[in-house]
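Remarks on the structure that follows.
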Amino acid sequence: GGGRPVTVSDVQQLVRRKDEIEAQIKACYELLEGQKGVGMHEPLVDAEGFPRADIDLYQVRTARHNIICLQNDHKALMKEVEEALHKLHAREKEKHAKDEAEALAEAMSQSQSLPQAFAKVNAVTPGSPASVSGLQVDDEIVEFGSVNVNNFQNLQNIATVVQHSEGRPLSVTVIRGGRRVHVGLTPKRWAGKGLLGCNIIPLQR
């Protein structure tokens, strides 16, 4: 049917029907087994050509007939299941592609609105002022106090800002996982060396 799209529950229904048919086939085979193990093809007549008296011919014939019909149903149903799964899969792929396209568009619009970073944090010592402020490794620095992408020449710029701001909170903006994050960082003396306890490297653009 080209009507409504296939749903997961359609497939589950088909699979349930398939299971039922399989159970019916099994029951018919068991019935044949019960009739002295007559299978699908053993003769129903004795050596003299008389109908066998040791089995219920009617039951055997009916069971055999049912098995043939049920197996045909089963084959048709398996084809339906396969097609339904195929359609479902195609729909999932379409939906997935749409979701991906939307996520991509979202990411693009996000990244366009993200400012340019000029440096990156590549180490943070636990317990240091940088660590306490929440600065993380791989944070890309967009603003460090008064330093930004437009006036940053080298790491000396940052060092100068840090020395001038000892004991005073500095506003630091970083990009983390595609988002802008603001960190309040107060350079101060601590157990380790320097006033920050993190290592910053310039970003090669």
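All of these numbers come straight from a predicted model, not from anything done at the bench.
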Going by an N to O cut-off under 4.0 Å, is there a salt bridge joining [X] and [Y]?
| X | Y | answer |
| --- | --- | --- |
| Glu83 | Lys87 | no |
| Arg16 | Glu20 | no |
| Glu22 | Lys18 | yes |

query = For residues 148-171, which residue pairs qualify under salt bridge (Lys or Arg N to Asp or Glu O under 4.0 Å), counting only residues two or more places apart or in two chains?
reply = Glu166-Arg189
ask   = Would you say Glu82 has more than 12 foreign heavy atoms packed within less than 6.0 Å of its CD?
value = no
message = My understanding is that only residues two or more places apart in sequence, or in another chain, count here; which of them pass salt bridge (Lys or Arg N to Asp or Glu O under 4.0 Å) with Lys193?
response = none
In this structure, would [X] and [Y] fall into the same cluster of hydrophobic residues linked by side-chain contacts under 4.5 Å?
| X | Y | result |
| --- | --- | --- |
| Ile68 | Val38 | yes |
| Ile201 | Ile175 | no |
| Val11 | Met78 | no |
| Leu155 | Leu185 | yes |
| Leu70 | Met40 | yes |

Got a second to check how far [X]'s [atom1] is from [Y]'s [atom2], nearest 0.5 Å?
| X | Y | atom1 | atom2 | value |
| --- | --- | --- | --- | --- |
| Leu195 | Thr186 | CG | OG1 | 11.0 Å |
| Gln153 | Phe118 | CD | CZ | 11.0 Å |
| Ser128 | Asn199 | OG | CG | 11.0 Å |
| His74 | Ile67 | NE2 | CD1 | 13.0 Å |
| Arg176 | Leu135 | CZ | CG | 7.0 Å |
| Asn148 | Ile141 | CG | CD1 | 12.5 Å |

message = Run the side chain to side chain contact (heavy atoms under 4.5 Å, CB included) test on Glu80 and Arg17 for me, step by step, so that the C-alpha distance in whole Å, both residues' side-chain angles and the decisive distance to 0.1 Å come before the verdict.
response = CA-CA 11 Å; Glu80 259 189 88; Arg17 261 179 47 209; 4.1 Å; yes
Do [X] and [Y] make a side-chain contact, defined as non-hydrogen atoms from C-beta onward lying under 4.5 Å apart?
| X | Y | value |
| --- | --- | --- |
| Asn157 | Val161 | no |
| Ile158 | Val162 | yes |
| Val174 | Val121 | no |
| Val15 | Gln12 | no |
| Leu203 | Phe152 | no |
| Glu100 | Leu104 | no |
| Lys98 | Glu102 | yes |
| Gln59 | Leu31 | yes |

query = Looking at Val142, Val172, Thr173, which hits side chain to side chain contact (heavy atoms under 4.5 Å, CB included) with His182?
reply = Thr173
For [X] and [Y], indicate whether the former's side chain and the latter's backbone hold a donor-acceptor pair under 3.5 Å.
| X | Y | answer |
| --- | --- | --- |
| Asn151 | Ser146 | yes |
| Arg64 | Cys28 | no |
| Gln35 | Leu32 | no |

inquiry  = Suppose the criterion is side-chain hydrogen bond (donor to acceptor under 3.5 Å, both in side chains): which pairs have a residue in residues 44-57, not counting sequence neighbours?
reply    = Arg52-Asp54
inquiry  = For Val181 and Asp139: C-alpha separation, side-chain torsions, deciding distance, then whether side chain to side chain contact (heavy atoms under 4.5 Å, CB included) applies.
reply    = CA-CA 9 Å; Val181 179; Asp139 280 351; over 6 Å; no
